[in-house]
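Computed from a prediction, not measured in an experiment: that's the story for all the values here. Whatever order the structure lists them in is the order used to number ligands and atoms, beginning at 1.
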Amino acid sequence: MARTSSFAPLEQGELKVVPTHVAIIMDGNGRWARARGVPRVAGHRAGARNLRRVLRDVIELGIKVLTVYAFSTENWRRPEREVRALLSLFGRMIDNELDELKRNGVRIRHVGRTERLSPQLVKKIRYAEQVTQENDRLILNVAFNYGGRAELVDAVRRIVAEGLAPEQIDEQTIAEHLYTAGMPDPDLIIRTGGEMRLSNFLLWQGAYAEFYVTPTFWPDFDREELLKALLDYQNRQRRFGGLPSQQG
Ligand code: FPP
């Protein structure tokens, strides 16, 4: 992950507002593979390679938090072979990328449940989190075995276990019990592969996020595509439920 500047000056000049937290639903690996007549698993491998490239751009642009949806609680329903491939890809990504991510100031965080993951994979995840915990250039949240509803269930369970009274619970209490506690909400959620849905991703945190969908399949989502999404974002007027500022 070299730090050489690869953005054309014009592109950088156009980009004046960089969101703090970008979240990505990396969809379309399967269709990318089908279009090439290769197995779905090859699509996921290409997706993993692309994540590596996108990470480089995200760091360079100064985005502070990136959350990627790598494996949902619903993905267990896929054929066993594909599930196994995705589990092992995650482990291999940690093995292959950890040193470089560490060197580049990336803090790795897992968001999701650890149940059903092998003890070896959980150990790798915990190790990656531990050795990068002092990094602050970019927080990389890997949503793996993640579901927005499961996350809310887990938060409620913990709140109840802590014995909080109903009147002690407000929105901040919920936010502080999510996997993403202490992190800013996503400003922009990007979905590749063209589907117009959230698919159980960051249900609470995404309440006011801007949503950007591109038909491009994840393995083809390159620097130009990322810049297009960011330029689109900077032209949005975020109101958080209020009125446009000029209407005072
Ligand atoms: C959705 O495409 C993608 C996934 C379920 C997996 C995403 C995983 C990666 C990009 C690579 C691995 C990264 C880590 C951190 C393990 P799809 O299979 O639903 O595509 P389709 O809609 O075209 O079938």
Side-chain angles (χ1 to χ4, degrees), residues 1 22-59 65-102 104 106-114 116-118 120-129 132 138-148 150 179 189-202 213-222 225-226:
M1 217 178 288
V22 175
I24 309 183
I25 302 174
M26 306 181 292
D27 197 16
N29 294 345
R31 281 165 286 164
W32 181 94
R34 190 170 352 118
R36 282 161 183 75
V38 296
R40 292 180 59 82
V41 171
H44 295 314
R45 278 198 297 269
R49 284 194 296 277
N50 194 47
L51 177 55
R52 191 172 187 272
R53 284 192 291 268
V54 168
L55 262 170
R56 196 173 45 206
D57 298 333
V58 161
I59 292 171
V65 185
L66 176 72
T67 303
V68 291
Y69 205 5
F71 190 90
S72 75
T73 43
E74 289 71 41
N75 285 152
W76 293 104
R77 296 189 200 128
R78 294 196 174 194
E80 199 195 323
R81 212 182 117 152
E82 186 172 341
V83 168
R84 258 191 288 122
L86 285 165
L87 291 167
S88 90
L89 251 185
F90 188 19
R92 265 188 289 144
M93 274 201 83
I94 296 175
D95 291 342
N96 298 337
E97 307 298 331
L98 185 58
D99 282 349
E100 204 164 347
L101 291 170
K102 198 174 148 198
N104 279 283
V106 179
R107 177 176 184 184
I108 299 172
R109 297 277 307 263
H110 169 235
V111 294
R113 286 183 170 166
T114 50
R116 294 184 77 173
L117 304 184
S118 72
Q120 295 93 313
L121 182 56
V122 174
K123 206 168 140 193
K124 267 184 204 184
I125 296 168
R126 293 290 172 249
Y127 179 73
E129 289 179 325
T132 60
L138 172 75
I139 296 174
L140 171 63
N141 290 320
V142 183
F144 199 96
N145 197 16
Y146 173 88
Y179 308 138
I189 298 179
I190 297 172
R191 181 169 188 143
T192 61
E195 309 281 2
M196 303 277 186
R197 54 178 173 264
L198 264 181
S199 299
N200 206 10
F201 188 46
L202 301 178
V213 178
T214 169
T216 303
F217 299 143
W218 171 249
D220 292 328
F221 185 85
D222 59 12
E225 290 279 348
L226 176 64

Is ligand 1 less than 4.0 angstrom away from at least one heavy atom of R40?
-> yes
Starting from atom 20 (O) of ligand 1, which protein heavy atom do you reach first, and at what distance in Å?
-> G30 N, 3.0 Å
The side-chain contact (heavy atoms from CB on, under 4.5 Å) partners of K102 (sequence neighbours excluded) come to V131, T132, N135
Could you tell me the residue and atom name of the protein heavy atom closest to atom 19 (O) of ligand 1, and the distance to it rounded to 0.1 Å?
-> R78 NH2, 2.8 Å
Does R56 reach the main-chain N or O of R52 with its side chain, forming a donor-acceptor pair under 3.5 Å?
-> no
Option nearest atom 13 (C) of ligand 1 (shortest heavy-atom distance, choices R49, M93, R34) | M93
G193: heavy atom below 4.0 Å from ligand 1, yes or no?
-> no
Ligand 1-proximal atoms of H44, by part, heavy-atom distance under 4.0 Å | both
Distance-only, no hydrogens or angles: does the T192 side chain make a donor-acceptor pair with backbone N or O of D27 under 3.5 Å?
-> yes
Give the residue and atom name of whichever protein heavy atom lies nearest to atom 3 (C) of ligand 1, and the separation in Å to one decimal.
-> M26 O, 3.1 Å
Hey, which of L66, N104, L140 is the one that makes side chain to side chain contact (heavy atoms under 4.5 Å, CB included) with I59?
-> N104
Check the angle between the aromatic planes of Y179 and Y146 and answer parallel, tilted or perpendicular using the 30° and 60° thresholds.
-> perpendicular
For the residue pair F71 and F144, categorise the inter-ring angle as parallel (less than 30°), tilted (30 to 60°) or perpendicular (more than 60°).
-> parallel
Does the side chain of L55 come within less than 4.5 Å of L138's, by heavy atoms?
-> yes
Tell me, which protein residue and heavy-atom name are nearest atom 17 (P) of ligand 1, and how many Å apart are they?
-> D27 OD1, 3.5 Å
Side chain or backbone of N75 under 4.0 Å from ligand 1, or both, or neither, by non-hydrogen atoms?
-> side chain
Which atoms of ligand 1 have any heavy atom of L86 under 4.0 Å away?
-> 6 (C)
Taking N75 for the side chain and S72 for the main chain, is one N or O donor matched with an acceptor at less than 3.5 Å?
-> yes
Report, as yes or no, whether the 6.0 Å neighbourhood of atom CZ on R81 holds more than 12 heavy atoms from other residues, nucleotides or ligands.
-> no
Nearest protein heavy atom with distance in Å, relative to atom 7 (C) of ligand 1 = A70 O, 3.5 Å
Is it the side chain (CB and beyond), the backbone, both or neither of W218 that lies under 4.0 Å from ligand 1, heavy atoms counted?
-> side chain
Of the protein's non-hydrogen atoms, which lies at the shortest distance from atom 9 (C) of ligand 1, and what is that distance?
-> N29 ND2, 3.8 Å
